[in-house]
Amino acid sequence: MNNGLALFLGVAGVFAFSWGAFILPAHWQLGRLGQYRDPVDETLHPSAAPGLAAQGGEVYADLGCVYCHTQQVRQTTLTRLKEGKRAAFNPDFERKWAGDANQPRPSYARDYIQDRRVFLGQVRLGPDLRNVGTRFPDDQALYKLLFEPQAVTKDSLMPPHAFLFETRPIVGERSAKALAVPAPPGCEVVPTPRAEALAAYLLNLKDTYDYPEERRRNMLPSAAILEGDR
Amino acid sequence: MSEPFPPSHAPIERAAASDDSLQRAHAQLLHYRPQLTRGVLLSIGALIAVLLAATLYFTHNAGGFDPLVANEDVCPPKGGFQAVTGPVTPALLGKRVYLANCIQCHQTTGLGVPGTFPPLAGSDWVTGPEERIIRIVLQGANGPITVAGKNFNGVMTPFAPVLKDDEIANVLTYIRSEWGNAAPEVKPETVTRIRSETAGRTAPWAPAELLEIGK
């Protein structure tokens, strides 16, 4: 090792460069975002996912749901012809992906600060899941979909996740968690702990709290966009 | 002794370098180190400093990047957004109470449900004497009532057991200042006073009875 110092400096330089280019600016721009304290009821938002839901996040990562589903509601305004006139519309809002139907909103950077891993995703083969918790009434509906998506949506592209469930003989009474799906006589289909965690995670996915400061900055009358001729 | 081969073949047969010369060459190489002179170190340092400064500059002026903006159509005003952290007004606090307790019947719009639940927007009751509406919220109301020219006859649940005095004051302040209503705020002290005056009462008020109060 003749050039130890040069090697060390070279390696340090390469790491410092990528750190300076990717980590430092991002941290500078977003690192100060903290939980928002509601001035009225003093609650903190966003709150951390409860234990089971946090475990479900790991299952979500494990099963690669992120390859087909995004978790980011965008506020993009497109225009289209409607009755001969150009009208503005927001595709994500129109698909009811934006949480509260009365006050739809995009995903803000702050929404993700409590996530251990951020599953933004890139491909939308399936619907955006950032607010999926507002669309499903309970875990049973989710189990049904995960067990066999094709039974919910005909020819669905989503792969069945039947391996998250267990078919077992009914001992004594039927389990309260048993799925309403066809099972062999005397048997029932029940979710495994992984399925339960995943469902808890999905039901917890909802950004319903609207941060006043963000709302104020992101509001833009659609007329202004039409004027801007996009 | 004669040479076994003609001299012209000598370079092929004999090693060009002797052991000695090889060792000398190695020794030289072993001693050779590119010198990290001060000049080289300084220029590497300067390069890093320039890169760092450039990153900081770019980050700082990232096209008006704002971590709170998600809408790609939003163009931040010159000088950036001004943060507003408005004071917490009684009306704002009352909005919370309203959204938690009253919207099932009177709706978020304050318009009620035609024929069933009377509106609060544009209601003379809301902007009228505070003694009446404090009583309505405390013990509830039951009986024919005319609000904004329409007749209603329903039951409003009492809130005396659920809401505290300041919550009632705040929610009334809210409905008196929202949806175009403009009436002075209701003080928690007034609610406390009326609550003690009506302490024994559990029956809901009949609107006709209330009209006698605060005339």
Side-chain angles (χ1 to χ4, degrees), chain A residues 2-6 9-10 12-13 16-17 19-33 36-43 72-78 88 90 102-103 105-111 113 211-222 224-226 228 230, chain B residues 29-36 40-41 44-45 47-63 65-77 80-100 103 107-109 167 170 174:
Chain A
N2 288 336
N3 302 322
L5 184 60
L9 282 182
F17 180 70
W19 182 78
F22 299 111
I23 312 282
L24 187 65
H27 187 72
W28 195 353
Q29 290 181 329
L30 300 164
R32 262 168 304 170
L33 281 181
Y36 175 78
R37 183 186 290 277
D38 187 292
V40 176
D41 58 12
E42 305 245 302
T43 49
Q72 182 183 30
V73 180
R74 291 179 306 174
Q75 185 164 16
T76 39
T77 309
L78 308 178
N90 181 324
N102 295 321
Q103 264 199 349
R105 71 171 182 82
S107 298
Y108 304 136
R110 203 193 296 276
D111 291 327
I113 62 171
Y211 305 93
E213 190 67 3
E214 269 98 333
R215 164 151 291 271
R216 192 176 65 89
R217 292 182 192 204
N218 288 288
M219 271 186 322
L220 194 70
S222 48
I225 291 153
L226 283 176
R230 294 194 78 237
Chain B
L29 282 175
L30 280 173
H31 271 103
Y32 171 74
R33 283 190 179 152
Q35 290 300 298
L36 279 181
V40 175
L41 280 180
I44 293 181
L47 190 69
I48 292 179
V50 166
L51 286 176
L52 201 70
T55 330
L56 296 189
Y57 178 82
F58 269 120
T59 318
H60 201 69
N61 303 289
F65 175 85
D66 184 325
L68 303 184
V69 172
N71 183 350
E72 60 185 50
D73 296 311
V74 166
C75 196
F81 284 100
Q82 247 41 157
V84 281
T85 36
V88 182
T89 58
L92 193 63
L93 291 163
K95 183 173 183 183
R96 285 274 145 167
V97 183
Y98 184 80
L99 293 178
I103 54 166
Q107 310 297 311
T108 28
T109 54
E167 287 173 329
N170 289 339
Y174 170 71

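Side-chain atoms are counted along with the backbone in the values below, which use heavy atoms only and exclude waters and symmetry mates.
- In this view, A:W19 satisfies the ring-ring contact (aromatic ring centres under 6.0 Å, His included) rule with no residue, not counting sequence neighbours.
- Only the backbone of A:A21 comes within contact range of chain B, judged by heavy atoms closer than 4.5 Å.
- Heavy-atom neighbours of A:F22 CZ from other residues, nucleotides or ligands within 6.0 Å: at or below the threshold of 12.
- Residues passing the side chain to side chain donor-acceptor pair (under 3.5 Å) test with A:R110 are A:E214, sequence neighbours excluded.
- When heavy atoms are compared at a cutoff of 4.5 Å, A:F17 approaches chain B solely by way of its side chain, counted from C-beta outward.
- Counting only distance, with no hydrogens or angles, the side chain of A:N218 and the backbone of B:N71 share a donor-acceptor pair below 3.5 Å.
- Separating the CG atom in B:L41 from the CG atom in A:L5 is a distance of 6.5 Å, to the nearest 0.5 Å.
- Nearest heavy atom pair, residue A:A109 against residue B:P67, reads CB-O, 3.6 Å.
- Contact annotation: the side chain of B:L68 never approaches that of A:Y108 to less than 4.5 Å [non-hydrogen atoms, C-beta and beyond].
- Side-chain atoms of A:D38 and B:R96, non-hydrogen and from C-beta on, do get closer than 4.5 Å to each other.
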